[in-house]
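Quick note: numbers below take in every heavy atom, side chains included, and nothing from hydrogens, waters or symmetry partners.
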Amino acid sequence: MTTKYFSDIANLFESNGVELEERSVICGNALEETIDKEYELATDYIISHILQSLLEGCDADHLCGFLRSCSRDFPLIAMDRSGSHVAETALRSIATHLQDEETYSAILETLTMICKVIVENPADLMYNCYGSHVLRRLLCLCKGVSLDSAEFQGTKSLTNVAERLNLKTSRANEHAHAQQNLGRGFPGLFKDLIAGILICTADDKTLLVDQFGSLVLQTVLKLLAGDDEELGQIIPILLGCNKETIAEGNTIEMTVGHEVKNLSIETSYSHLLEVILEVAPEYLYTDMFNKIFRNSLFEMSSHQCGSFVVQALISKARHQEQVVLIWEELGRKFKDLLEMGRSGVIASLIAASHRLHAHEHKCCQAIATAVCSADDPPACIVPRILFLDNYFCCQDPSSWKWPAGVKMHVMGSLILQAVFRCRNEYIQPFVASITSMEADHLMEAAKDSAGAHVIEAFLDSSASGKHKRKLILKLQGHYGELSMHSSGSFTLEKCVTASNVSLREDIVKELLVVRNELSRTKHGPHLLRKLDIHGYAYDPDQWRSRQASKQMAYNEFRAIFGSSRTKSSGDDSFPTDTDPPKPAFANIKQMRKEIDYRLSSTAQSLVKSDFKQHEQRAEHHSYKGNDLKKRKGPGEFSSTHLASKATEKGAKNKRPFNSFDNSDKKRRRMDDPAKVSKKKPKK
């Protein structure tokens, strides 16, 4: 009878014959029928889906009533394949009511009952693949962060790699933002859950190497990021230190180092170690570095899982002295690491050396030496790094040739991107290599996403404008073909930025030929607008004037704020290699306003010139022999109309190709004669 009752409700909802207010009442009444039958219904494959719909559509009172009624069975429901979805849906629905102060106390009471049951034996949930997921969601809810954030669900993406290679900022701000979205959370329950989990983990070390238990512990650490006091108590326990030692104030014992290194080859524990290193306070990181990892880095890097732990250790180095110690262990082992397929360790070390300004030159030299012997031409450095696996799998590396049609190595691309962020004098072998590549190879690299990022990094580097234009000229005749590829279009934008006005015009001419086909691609309209292709087609001379004005404005801005990296070198070029470090701006918005102000001020002279030309044409223009000045009736071209048209045209055409001002767009709409109310002139 219960099954038929819920089936009828499901059919009613599917028919869309229920209004929103009635739906909430029906959901609440149906949940009242589940009392004392929650476990049986939640674990039924068919009814569990209906139950999820009821939990999503009911009010907070019925939702809390359902959870309180099944609180004793909540762990069993959470560990079931179907029941886990019901439990997660209930927690997700609770999160939608956290902003309501009237329901906060009821939700707190409900979650307290559930947490008391879980704390009695959290290991059951931690070992279970479904229960682990529900427990992580409950931790996020109690902390007050987004339940669906991939950061707290154990999802490992390229975001970690981006942070380790200085390609992305720390996610601490993202954590704070997520907490603000859901509200204050439940700090007391959060601490109680963590305490129960740690007691269980201290008694059962198997949880550290269990896949699902490790995910729970990783979530706990990420949620505590920034709380150094709590982390200082939790991390030693996860490393296997005795409670007595922690109580005495000795954070890490020397004896635990050997055990940690042995466990680091386990996949789950290595993931846990990576998170520990990411969130550890500075004093604890230093202690781990000296007592656990020092003098063992190459040995750990030789193992697949251990190498990721070493990458996390390197990426979180705090001081130059630590980078120096890491270099002493790994600096002469670059070729061995590449042969073993541990290129991520090298990429992390290059990024850390650049971030802390320690041994940058030595790292660049070491990676060049690892792929290019003294007898090989320097031109082979970049191609071999782009195809790392292919090169080191070759039986005779000295006879290796560019493999056409092979996808380029992602980590090799990241290594080159890290190298090109270093100072110009350190990257000369790489500059010589990439500018010596054949045009066909450059085109193939530009069409590959990994290769395109390398070319873009070179064009953004501190290399001289002469070298950059040498590479850009090799792509001449292929700009149109390159623009049709999504990755190549980004490379083409960088080429335009690094070119002088004449070279820009060559690029625009080639894109003008394919603009119809380009406009039909997803990225085409943006590229056409940014390079002002239509403006060039309409009036090439005016396009050149805008480019010259834009360059002049940027040069003035750089001169004022002290960055000579892109000062004009006398040949209309943009970047040069004589730059001091860029100044740090406290207010980025103010800097952007300054740029927009200067760009608009330089364009005004061109607008006035265009306006005068229209006035002169108006004075000599007549219809049917009558003087234009005597005719101002409806439909005639008055001087005010011409001035407005000239201003509109100037505002559109004088806009630089790499900026778009929404306020200017609004202003143009207000000035459009078509939008102005039409009043009959007085006779």
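Looking only at distances, no side-chain donor or acceptor of Ser307 sits under 3.5 Å from a matching main-chain atom of Ser301. Gln542 places no side-chain N or O within donor-acceptor distance of the main-chain N or O of Gly535, the cut-off being under 3.5 Å. With hydrogens and angles ignored, the 3.5 Å screen pairs a side-chain donor or acceptor of Asn290 with a backbone N or O of Thr286. A donor-acceptor distance shorter than 3.5 angstrom exists from the side chain of Arg504 to the backbone of Val496, with no hydrogens or angles considered. In terms of modelled atom types and a separation under 3.5 Å, the side chain of Arg342 and the main chain of Ser302 share a donor-acceptor contact. Here the side chain of Ser549 pairs a donor or acceptor atom with the backbone of Ser545 at under 3.5 angstrom. Judged by distance alone, the side chain of Lys468 and the main-chain N or O of Leu459 form a donor-acceptor pair under 3.5 Å. Side-chain atoms of Glu339 do not come within 3.5 Å of backbone N or O of Phe392 as any donor-acceptor pair. Judged by distance alone, the side chain of Tyr285 and the main-chain N or O of Glu278 form no donor-acceptor pair under 3.5 Å. At distances below 3.5 Å, at least one donor-acceptor pair connects side-chain atoms of Glu510 with backbone N or O atoms of Tyr479.
Other residues, nucleotides and ligands place more than 12 heavy atoms under 6.0 Å from the CZ atom of Phe298. The number of heavy-atom neighbours closer than 6.0 Å to NZ of Lys474, taken from other residues, nucleotides and ligands shown, is above 12. Residue Lys261 qualifies as enclosed at atom NZ: its count of foreign heavy atoms under 6.0 Å is above 12. By the 6.0 Å contact criterion, CD on Glu425 is enclosed, its count of non-hydrogen atoms from other residues, nucleotides or ligands being greater than 12.
Closest approach of Ser343 and His409 over heavy atoms only: OG-CE1, 3.7 Å. Nearest heavy atom pair, residue Phe458 against residue Ala463, reads CE1-CB, 3.8 Å. Nearest heavy atoms, Ser433 versus Ile381: OG-N, 3.5 Å. Minimum interatomic distance between Leu475 and Cys495 (heavy atoms only, all atoms of both residues): CD1-SG, 4.2 Å. Nearest heavy atom pair, residue Met288 against residue Leu277, reads CE-CD2, 3.5 Å. Residues His354 and Arg421 approach most closely at CE1-O, 2.8 Å, considering heavy atoms.
Remark: the Ser413 side chain and the Gln417 side chain contain an N/O donor-acceptor pair separated by less than 3.5 Å. Counted by atom type alone, Asp375 and Ser373 present zero donor-acceptor pairs between their side chains at under 3.5 Å. Side chain to side chain, His359 and Glu328 fail the donor-acceptor criterion of an N or O pair below 3.5 Å. Residues Trp402 and Glu444 have side chains that bring a donor and an acceptor to within less than 3.5 angstrom of each other.
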Run Asp460 and Phe420 through side chain to side chain contact (heavy atoms under 4.5 Å, CB included) and show every step you take. CA-CA 8 Å; Asp460 274 337; Phe420 282 124; over 6 Å; no
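Between Trp543 and Tyr538, the distance separating the two ring centers is not shorter than 6.0 angstrom.
Evaluated for a side chain to side chain contact (heavy atoms under 4.5 Å, CB included) with Ser264, the options His303, Glu274, Met300 yield exactly one hit, Met300. Screening Leu471, Leu482, Thr491, Ile472 against Leu442 for a side chain to side chain contact (heavy atoms under 4.5 Å, CB included) leaves a single residue, Leu471.
The stretch residues 380-408 participates, sequence neighbours left out, in these salt bridge (Lys or Arg N to Asp or Glu O under 4.0 Å) pairs: Asp376-Arg384.
Residues Lys509 and Glu505 meet the side-chain proximity criterion, which asks for heavy atoms closer than 4.5 Å. Put simply, the side chain of Leu272 reaches to within 4.5 Å of the side chain of Leu221, judged on heavy atoms.
For Thr267, there are no side-chain hydrogen bond (donor to acceptor under 3.5 Å, both in side chains) partners, not counting sequence neighbours.
Ion pair Glu493/Lys530 flagged as a salt bridge, since at least one NZ, NE, NH1 or NH2 atom sits closer than 4.0 Å to an Asp/Glu carboxylate oxygen.
Ser461 OG to Glu456 CD: the interatomic distance, rounded to the nearest 0.5 Å, is 12.5 Å.
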